[in-house]
Amino acid sequence: MKKLLVLLGPTGVGKTDLSVSLAEYWGCPIISADSRQLYKGLPIGTAAPSGDYLSRVSHHFIGTLNLSDYYSASEFESDALQLVSNLHQKHDILLVTGGSMLYIDALCNGIDQVPTIDEGLRKSLYELFEEEGLDRIRSQLKMLDPVFYDQVDLKNHKRVIHALEVCLMSGKPYSSFRTNKVKERPFEIIKVGLMRNRDQLYQRINRRVDAMIAEGLLDEAKSVYPLRTYNSLNTVGYKELFNYFDGEWILDFAVEKIKQNSRIYSRKQMTWFKRDERIFWINLSETTEEEAKQQIINRMLPLPG
RNA sequence: GGUUCCUUGGCCGAGUGGCUAGGCACCGGUCUGCAAAACCGUCUACGGCGGUUCGAAUCCGCCAGGAACCU
């Protein structure tokens with residue numbers, strides 16, 4: 001059976017370097033599972049692989065979308081599955097790397113199919129939410145899908161609104177789309193998680209942000225500023241600088257916030273990944289990159305017998 | 001040297017005699033179509049000492065630290 005290695009971990013842990021090294025070893029391409037590196041125009045702030053890396057190893061899903069494009073974990077699931085199936089014709093091993101938790105789950109376990117929401121409907125529900133609060137949305141959801149109403153986090157407007165959107169769009173309760181089943185994949189998935197001791201991870205994140213600033217993150221953010229309202233730019237590293245451009249924050253504060261929000265993000269990622277017992281963890285604070293690489297290579301060898 | 005004012009949890013910040021403000025961070029967690037998003041939980045402070053009072057972050061005194069003005 002063909003294999004898919006998923007190399008995951010928190011932001012700043014060192015996924016990119018190791019993934020390129022592994023891809024060169026196997027001679028395979030890299031499939032990125034990163035919800036922001038997907039977009040064009042954000043190479044610095046999203047720490048996308050450098051031009052050097054891109055020329056050494058073929059990468060997919062890096063800088064392929066316009067900032068105004070709509071995209072979601074579900075789109076990623078189908079795009080990635082399609083791609084994997086094509087690439088597996090030539091490669092026994094494929095490498096997925098990234099830290100977008102939901103995207104990785106969508107690829108590995110699948111995401112339930114729900115109808116795509118009409119833009120006008122979504123807009124009108126958000127207007128209702130802004131004008132009258134969440135109560136109206138909640139009570140509508142309670143009528144249309146009492147089952148899900150009892151399960152949702154009623155304070156999380158995104159979840160509540162989305163459930164209602166689906167109900168209105170499809171004429172069926174949102175909960176009827178939720179199968180709670182893990183989809184079978186026609187390939188073997190091996191998950192390897194990279195982690196570091198927290199102090200070290202935080203230090204790397206802080207330094208990386210300084211490096212981004214030195215590389216010209218300000219100019220990059222300035223160039224995409226006009227598109228700031230798109231979801232693609234509701235992103236750490238940009239939203240803080242937009243506050244600076246607006247004169248609300250001074251630069252030093254914005255930079256500190258980028259560091260802080262990156263650290264918070266890394267923690268969220270770890271919280272998510274920790275629940276997945278299928279992940280084989282490597283602590284890069286205690287393992288050299290070379291050892292880690294070797295461990296992963298061994299792990300990908302066919303089991304004896 | 002004198003006068004006036006200030007001192008609240010890691011940070012910001014309300015509260016003038018009894019009802020654990022709040023926000024942010026930290027730490028922990030949730031997560032099935034915008035996920036680097038959105039949301040939840042926890043952390044019970046009042047500069048120090050003494051006094052008044054049944055009861056003080058809130059009133060009084062002294063001390064310490066800080067700010068402004070006067071000489």
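The sequence lines fix the lettering, A, B, ..., with proteins before strands; numbering per chain opens at 1.
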* To do: Using the C1' atom on both, measure B:C59 against B:G15 and round to a whole Å.
  => 16 Å
* Gap in Å between the two P atoms, one belonging to B:C12 and one to B:A67, rounded -> 16 Å
* Asked: In terms of side-chain geometry, is the basic nitrogen of A:D69 or A:K40 positioned less than 4.0 Å from the acidic oxygen of its partner?
  -> no
* Asked: Could A:E24 and A:R56 be called an ion pair, given the rule that one side-chain N must be under 4.0 Å from one carboxylate O?
  -> yes
* To do: Look up atom OG1 in A:T97 and atom NZ in A:K15, then write down how far apart they are to the nearest 0.5 Å.
  => 6.0 Å
* Residue-phosphate contact under 4.0 Å: A:R159 side-chain N/O, B:U32 OP1/OP2 -> yes
* Could you measure between the two P atoms, the one in B:G29 and the one in B:G17, and give it in whole Å? => 44 Å
* Sugar-phosphate only, base, or nothing, as touched by A:K257 at under 4.0 Å among non-hydrogen atoms -> sugar-phosphate
* Asked: Contact class for A:Y126 (heavy atom, under 4.0 Å): base, sugar-phosphate, or nothing?
  -> base
* What is the nucleic acid contact for A:S262, judged by heavy atoms within less than 4.0 Å: base, sugar-phosphate only, or nothing? -> nothing
* Structure fact -> Within residues 195-217 of chain A, those residues having any heavy atom closer than 4.0 Å to RNA chain B are A:R198, A:Y202
* Asked: So what does A:S100 touch, heavy atoms closer than 4.0 Å: a base, only the sugar-phosphate, or nothing?
  -> sugar-phosphate
* To do: Write down the distance between CD1 (A:I104) and P (B:G33), rounded to a whole number of angstrom.
  => 17 Å
* Structure fact -> Considering only heavy side-chain atoms of A:D153, the closest of B:A38, B:C39, B:C34 is B:C39
* Asked: Heavy atoms under 4.0 Å, any strand shown: does A:F177 hit a base, just sugar-phosphate, or nothing?
  -> nothing
* Asked: Over how many whole Å does the gap from A:F148 atom CZ to B:U32 atom P extend?
  -> 6 Å
* Using the P atom on both, measure B:U58 against B:A45 and round to a whole Å. => 14 Å
* **Options B:A38, B:G29, B:C34, nucleotide nearest the side-chain atoms of A:K239** => B:A38
* Could you check whether A:T116 gets within reach of a base, just the sugar-phosphate, or nothing at all, counting any heavy atom under 4.0 Å? => base
* To do: Mind calculating the distance between CG (A:N156) and P (B:A35) to the nearest angstrom?
  => 14 Å
* Validate the cation-pi geometry between A:R138 and A:Y149: distance from NZ or CZ to the six-membered ring centre under 6.0 Å, angle to the ring axis within 45°. => no
* Asked: For the side chain of A:I264, counting heavy atoms from C-beta on, which of B:A37, B:C34, B:A25 is nearest?
  -> B:A25
* To do: Pick base, sugar-phosphate or nothing for A:D112, based on heavy-atom distances below 4.0 Å to the nucleic acid.
  => base
* To do: Verify the ring-centre separation between A:F129 and A:H157: is it less than 6.0 angstrom?
  => yes
* To do: For B:C39 and B:U32, measure between their P atoms and round to the nearest Å.
  => 15 Å
* Below 4.0 angstrom, N of the basic side chain to O of the carboxylate: do A:D210 and A:R207 qualify? -> no
* Hey, does A:E75 reach any base, or is it just sugar-phosphate, or nothing, if we go heavy atoms under 4.0 Å? -> base
* Asked: Checking all strands, does A:D34 fall into the base, sugar-phosphate, or nothing category for heavy-atom contacts under 4.0 angstrom?
  -> base
* Asked: On RNA chain B, nearest-nucleotide positions of A:Y238 versus A:R178: which is more 5'?
  -> A:R178
* **Distance-only donor-acceptor test, A:Q113 side-chain atoms vs B:G33 base atoms, 3.5 Å** => yes
* salt_bridge(A:R136, A:E130) N-O dist < 4.0 Å -> no
* When all nucleic acid strands are considered with a 4.0 Å heavy-atom cut-off, which category describes A:G45: base, sugar-phosphate, or nothing? -> base
* Structure fact -> Here the distance between atom P of B:A38 and atom OH of A:Y265, to the nearest Å, is 13 Å
* Nearest whole angstrom, please: distance from the P of B:C39 to the CG of A:L154. => 14 Å
* Reckon A:D105 touches a base, only the sugar-phosphate, or nothing at all at heavy-atom distances under 4.0 Å? -> nothing
* Might you work through the ring pair (Phe, Tyr, Trp, His ring centres under 6.0 Å) test for A:Y244 and A:F253, ending with a clear yes or no? => CA-CA 9 Å; A:Y244 163 61; A:F253 184 76; over 10 Å; no
* **Length of the line joining A:L65:CG and B:G33:P, which is rounded to integer Å** => 19 Å
* With sugar-phosphate meaning primed atoms plus P, OP1 and OP2, does A:K274 contact a base, only sugar-phosphate, or nothing at under 4.0 Å between heavy atoms? -> sugar-phosphate
* Using the C1' atom in both, what is the distance from B:A21 to B:G9, to the nearest Å? -> 13 Å
* Asked: Are the charged groups of A:D112 and A:R178 less than 4.0 angstrom apart, N to O?
  -> no
* Between B:A37, B:C40, B:A25, which nucleotide has the shortest distance from any of its atoms to the side chain of A:V236? -> B:A37
* Whole angstrom value for the distance that separates P of B:G28 from CD of A:Q269 -> 14 Å
* Asked: Which one, B:G33, B:U30, B:A37, comes nearest to the side chain of A:N234?
  -> B:A37
* With rounding to whole Å, what would you report as the distance between B:G13 and B:A25 at their C1' atoms? -> 14 Å
* Expressed in whole Å, how much space separates the P atoms belonging to B:U42 and B:C5? -> 40 Å
* Select base, sugar-phosphate, or nothing to describe what A:Y230 touches, counting heavy atoms under 4.0 Å on all strands. => nothing
* Asked: Looking across every strand, which nucleic acid part, if any, lies under 4.0 Å from A:K268 by heavy atom: base, sugar-phosphate, or nothing?
  -> base
* Within the structure, does a side-chain N or O atom of A:R267 lie under 4.0 Å from either OP1 or OP2 of B:C26? -> yes
* Asked: When you check the phosphate oxygens OP1 and OP2 of B:G33, does a side-chain N or O of A:Y174 lie under 4.0 Å from one of them?
  -> yes
* Asked: In terms of side-chain geometry, is the basic nitrogen of A:D118 or A:R122 positioned less than 4.0 Å from the acidic oxygen of its partner?
  -> no
* Under 3.5 Å for both distances, Watson-Crick or G-U wobble, that's the pair rule; now give the dot-bracket for RNA chain B, with | marking pairs to another strand and [ ] for crossing ones. => ((((((((.[[[..)..(...]]]..((((.......)))).....[[[[[..)....]]]]]))))))).
* Value in whole Å for how far the C1' atom of B:A38 lies from CG of A:N261 -> 14 Å
* Salt-bridge test for A:K183 and A:E77: reply yes if a basic N is under 4.0 Å from a carboxylate O, no otherwise. => yes
* To do: Find the distance between CD (A:E119) and OH (A:Y70) and round it off to the nearest 0.5 Å.
  => 10.0 Å
* Do the two ring centres, one from A:Y39 and one from A:Y71, sit under 6.0 Å apart? -> no
* NZ/NE/NH1/NH2 to OD/OE distance under 4.0 Å, A:K3 and A:D92 -> no
* Taking only side-chain nitrogens and oxygens of A:H162, does any of them come within less than 4.0 Å of OP1 or OP2 of B:G33? -> yes
